[in-house]
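Take a look at the structure set out below.
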Amino acid sequence: MATLGDVTLAVLDRNMRGNYDIAPCQQYREYVGGSVYYDGAETFGNEYLKVIGKDGYTGALKTADDTESGTPVKGKIAACSKAQTLVIPKNSNSEMYEASWKFIRWAAGPDGQKILAQTGVVPNQTSVSFSDDYLKTRTDINLYARSLTAVGGDIGDWAYFQNGNWVKDWSGDFNDEVRFGNMAFADFFTNKKSAAETAINGMKIVIKGRY
């Protein structure tokens, strides 16, 4: 099991096509009665996932007020993502602007995305990405999981700023050390908490062009 970026995933797909699958994006959830049981001491080595339909376990989500109509206790599906875009250059021929814009609207709309879906790329239209036509494009991997992850995809926090300075004092240790298991969270917080808080507290965020 691995968490991969788009470039690494493309290499994996070329070399291991049909010999791997995609899991849904991680999401915090709490289940009625818990989702695990223990065979022996309550340690990770003795921990097992409950199976839906076995021993009366239904896999129902716990709710905030413990009623069926209450708010489910779960987090938001979220992931850092990248997207392909079509643009009209500022110095392009003004006489072709309207035609270019009409093409972009078509290409980014349902009809254009249905054609893109044939390549296996996740369409930007959920009506297409969750349609049978797209989900049956490939039978060797879980395209539903890929579409579900795409819905929660967004730009990374550093992308809100032109130079990304607010993360540079601490992101290296987090991405290169903590993420790969070479540094404990406790050590990261000890070394970088002050720098991160200072950077965040000194930022004024203005979001432009986000819808």
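Keep in mind it's a predicted model, so treat the numbers as computed, not measured.
- Cluster membership for Leu86 and Met96, using ILVMFWY side-chain heavy atoms within less than 4.5 angstrom, is not shared.
- Contact of the Asp55 side chain with the Lys50 side chain is not registered, since no non-hydrogen atoms from C-beta on lie closer than 4.5 Å.
- Checking side-chain atoms of Ser35 against main-chain N and O of Tyr31 turns up no donor-acceptor pair under 3.5 Å.
- For the residue pair Tyr28 and Gln26, no side-chain donor N or O sits within less than 3.5 Å of a side-chain acceptor on the partner.
- The two residues Ile77 and Cys25 come nearest to each other via the heavy atoms CG2-CB, 3.7 Å.
- Aromatic pair Tyr48/Tyr38: centroids not less than 6.0 angstrom apart.
- Ile88 contributes atom CD1, which lies 7.0 Å from atom CH2 of Trp101 (distance to the nearest 0.5 angstrom).
- The closest donor-acceptor contact from the side chain of Asp173 to the backbone of Phe188 lies at 3.5 Å or more, if one exists at all.
- Using modelled atom types, one side-chain atom of Thr190 and one backbone atom of Ala186 make a donor-acceptor pair closer than 3.5 Å.
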Derivation of the side chain to side chain contact (heavy atoms under 4.5 Å, CB included) call for Tyr134 and Val122 | CA-CA 8 Å; Tyr134 174 68; Val122 181; 3.5 Å; yes
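- Remark: Glu177 pairs with no residue by the side chain to side chain donor-acceptor pair (under 3.5 Å) rule, at least two apart or across chains.
- Listed here is the closest heavy atom pair of Leu61 and Val32: O-CG2, 3.7 Å.
- Contact annotation: the side chain of Ile141 approaches that of Leu143 to within less than 4.5 Å [non-hydrogen atoms, C-beta and beyond].
- A distance of 9.0 Å separates CG of Leu148 from CG of Asn142, quoted to the nearest 0.5 Å.
- Distance alone, capped at 3.5 Å, places no donor-acceptor pair between the Gln125 side chain and the Gln113 backbone.
- In terms of heavy-atom proximity, Phe189 sits nearest to Lys193 at O-CB, 2.8 Å.
- For CZ of Arg105, the number of neighbouring non-hydrogen atoms (other residues, nucleotides, ligands) closer than 6.0 Å is 12 at most.
- Ile22 and Ala145 get closest at one heavy-atom pair: O-CB, 3.7 Å.
- Summarising the local packing, NZ of Lys114 is surrounded by 12 or fewer heavy atoms from other residues, nucleotides or ligands at distances under 6.0 Å.
- Looking only at side-chain heavy atoms (C-beta outward), Val51 and Tyr57 stay at 4.5 Å or farther from each other.
- Interatomic distance, Arg17 CZ to Leu12 CG, rounded to the nearest 0.5 Å: 11.0 Å.
- Using modelled atom types, one side-chain atom of Ser147 and one backbone atom of Ser129 make a donor-acceptor pair closer than 3.5 Å.
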Start with the C-alpha distance between Lys192 and Phe174, add both sets of side-chain angles, then the distance that settles side chain to side chain contact (heavy atoms under 4.5 Å, CB included), and finish with yes or no.
-> CA-CA 9 Å; Lys192 298 298 181 180; Phe174 185 82; over 6 Å; no
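- Proximity of a side-chain donor or acceptor of Asn191 to a complementary backbone N or O of Asp187 within less than 3.5 Å is detected.
- Legend: residues meeting side chain to side chain donor-acceptor pair (under 3.5 Å) with Asn46, ordered by chain and number and at least two apart, are Thr43.
- Going from atom CE of Met16 over to atom CG of Asp140 covers 12.0 Å, rounded to the nearest 0.5 Å.
- For Val36 against Leu49, the heavy-atom pair with the smallest separation is CG1-CD2, 3.9 Å.
- For Gly70 against Thr63, the heavy-atom pair with the smallest separation is O-CG2, 3.6 Å.
- The aromatic rings of Trp106 and Phe103 lie tilted to each other, with the angle between the two planes from 30° to 60°.
- For the pair Lys74/Glu30, no side-chain contact is recorded, criterion being any heavy-atom separation below 4.5 Å from C-beta on.
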